[in-house]
Amino acid sequence: MTETVAEVAGAAGSRVTGDLYAEVQTFYARQMRRVDALDIEGFADTFTEDGCVVHAGGQRQSGRAEMVAGMRANLPRYRGVAVRHWFDHLIIDVDADDPDTVRVSYYTLVTLTDAEGKVSFQPTFTVEDELVRRDGRLLTRERVIHRDEPAAV
């Protein structure tokens, strides 16, 4: 018997409603527009107060203040370019024991557009997030970023 795409995608987790999928997509759209606009504090506010990011190189930033400081240190690399973060292929799983916790895995691509309109691509990544609902809104509690590597053949 052949499995459907929904059965294969849902094999590792729970079924997700269309409303939750749209809510998660909207959350990321707003979060990434903040980072793309270099609104560092606004971006940090989309994380829990004790939220953390583990970067592909292993560097860990814990708490909003540490995230803001790290992002400020990287601002010069974005001078003179428009930054865009593109997310796709989201897999969303609701925690079976806590419906206010959602785990999301997705692919991300970052583009940089210079003043002449030339676009350059950054390396691609797979990201694993843990989102939590606080006071009715989603926040990122943890983000782990993995740089994509060629598959072993």
Side-chain angles (χ1 to χ4, degrees), residues 9-115 119-151:
S14 61
R15 294 224 178 237
V16 174
T17 66
D19 287 345
L20 179 60
Y21 193 88
E23 181 183 15
V24 169
Q25 284 275 39
T26 300
F27 168 78
Y28 285 127
R30 289 186 174 134
Q31 185 184 58
M32 289 302 103
R33 283 179 184 250
R34 287 178 173 169
V35 76
D36 290 346
L38 306 180
D39 175 8
I40 295 169
E41 287 80 10
F43 174 74
D45 284 343
T46 67
F47 284 77
T48 60
E49 198 62 49
D50 63 343
C52 71
V53 176
V54 180
H55 295 274
Q59 177 193 12
R60 181 182 192 92
Q61 295 173 325
S62 297
R64 290 177 181 164
E66 206 171 292
M67 285 180 214
V68 167
M71 291 178 73
R72 276 210 176 100
N74 282 307
L75 278 177
R77 98 181 242 212
Y78 298 112
R79 188 170 287 126
V81 296
V83 181
R84 295 292 180 263
H85 289 75
W86 306 92
F87 290 2
D88 201 5
H89 301 306
L90 280 74
I91 297 174
I92 302 171
D93 290 311
V94 178
D95 188 295
D97 297 323
D98 180 4
D100 287 332
T101 299
V102 179
R103 288 180 185 77
V104 185
S105 176
Y106 54 91
Y107 300 150
T108 183
L109 172 68
V110 178
T111 59
L112 305 175
T113 305
D114 68 15
V119 178
S120 63
F121 296 92
Q122 300 298 296
T124 59
F125 296 88
T126 299
V127 181
E128 297 172 32
D129 280 354
E130 184 176 85
L131 306 180
V132 293
R133 189 175 307 284
R134 298 286 189 261
D135 298 321
R137 67 175 237 192
L138 291 175
L139 296 170
T140 306
R141 179 168 36 206
E142 182 178 57
R143 172 165 292 159
V144 180
I145 304 167
H146 307 275
R147 185 173 177 175
D148 290 339
E149 305 268 336

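This is a predicted model, so every value here is computed, not measured.
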Worksheet item: Can you find a heavy atom in the side chain of Met32 that is under 4.5 Å from one in the side chain of Trp86?
Response: no
Practice prompt. Look up atom CG in Leu131 and atom CD in Glu23, then write down how far apart they are to the nearest 0.5 Å.
Written response: 9.0 Å
Worksheet item: How about Thr126 and Asp148: does a side-chain donor come under 3.5 Å of a side-chain acceptor?
Response: yes
Worksheet entry | Between CD on residue Glu130 and OG1 on residue Thr101, distance to nearest 0.5 Å | 5.5 Å
Discussion item. Are Arg72 and Ile40 packed together at the side-chain level, in the sense that at least one heavy-atom pair is separated by less than 4.5 angstrom?
Written reply: yes
Practice prompt. Would you confirm whether Glu66, through its side chain, and Ser62, through its main-chain N or O, come within 3.5 Å as a donor-acceptor pair?
Written response: yes
Item to complete: Would you mind reporting whether Phe87 and Val127 have side-chain heavy atoms less than 4.5 Å apart?
Response: no
Discussion item. Looking at every heavy atom in both Asp98 and Asp95, which two are closest together, and how far apart are they?
Written reply: N-OD1, 2.9 Å
Item to complete: Might you point out which heavy atoms bring Leu20 and Thr17 nearest each other, and give the distance in Å?
Response: N-OG1, 3.0 Å
Item to complete: Taking the side chain as every heavy atom from C-beta outward, state whether Asp100 and Val132 have any pair of such atoms under 4.5 Å apart.
Response: no
Practice prompt. Mind listing the closest non-hydrogen atom pair of Thr111 and Val119 along with its distance?
Written response: CB-CG1, 3.9 Å
Practice prompt. Identify which one of Asp129, Leu138, Val16, Asp19 satisfies the side-chain contact (heavy atoms from CB on, under 4.5 Å) criterion when paired with Val24.
Written response: Leu138
Fill in: Atom pair CD1 (Ile91) and OG (Ser105), whose distance is rounded to the nearest 0.5 Å
5.5 Å
Discussion item. Please determine whether side chain to side chain contact (heavy atoms under 4.5 Å, CB included) holds for the pair Gln25 and Leu90, giving the CA-CA distance in whole Å, both sets of side-chain angles, and the decisive distance to 0.1 Å.
Written reply: CA-CA 9 Å; Gln25 284 275 39; Leu90 280 74; 4.1 Å; yes
Item to complete: Please name the pair of heavy atoms, one in Thr46 and one in Arg137, separated by the smallest distance, quoted to 0.1 Å.
Response: CA-NH2, 4.3 Å
Worksheet, complete the sentence: Closest non-hydrogen contact found for Phe47 with Cys52 is CE2-O, 4.3 Å
Item to complete: Decide yes or no for Ile92 and Tyr106: does some side-chain heavy atom of the first lie under 4.5 Å from some side-chain heavy atom of the second?
Response: no
Worksheet item: Do Arg103 and Glu142 meet the salt-bridge criterion of a basic N to acidic O distance under 4.0 Å?
Response: no
Practice prompt. Decide, yes or no, whether a salt bridge links Arg134 with Glu49 under the criterion of side-chain N to carboxylate O below 4.0 Å.
Written response: no
Item to complete: Could you give me the CA-CA distance, side-chain angles and deciding distance for Val35 and Met71, then say whether side chain to side chain contact (heavy atoms under 4.5 Å, CB included) is met?
Response: CA-CA 9 Å; Val35 76; Met71 291 178 73; 3.4 Å; yes
Discussion item. One pair to check against side chain to side chain contact (heavy atoms under 4.5 Å, CB included): Arg143 and Met67. What are the steps and the verdict?
Written reply: CA-CA 12 Å; Arg143 172 165 292 159; Met67 285 180 214; over 6 Å; no
Worksheet, complete the sentence: For Gln61 and Gly70, the nearest pair of non-hydrogen atoms, with its separation, is NE2-CA, 3.2 Å
Practice prompt. Begin with the C-alpha distance, continue with both residues' side-chain angles, and end with the deciding distance and a verdict on side chain to side chain contact (heavy atoms under 4.5 Å, CB included) for Thr124 and Tyr107.
Written response: CA-CA 7 Å; Thr124 59; Tyr107 300 150; over 6 Å; no
Practice prompt. Using a cut-off of 6.0 Å, state whether more than 12 heavy atoms not belonging to Arg33 lie near its atom CZ.
Written response: no
Worksheet item: Side chain of Arg147, backbone of Ala56: donor and acceptor closer than 3.5 Å?
Response: no
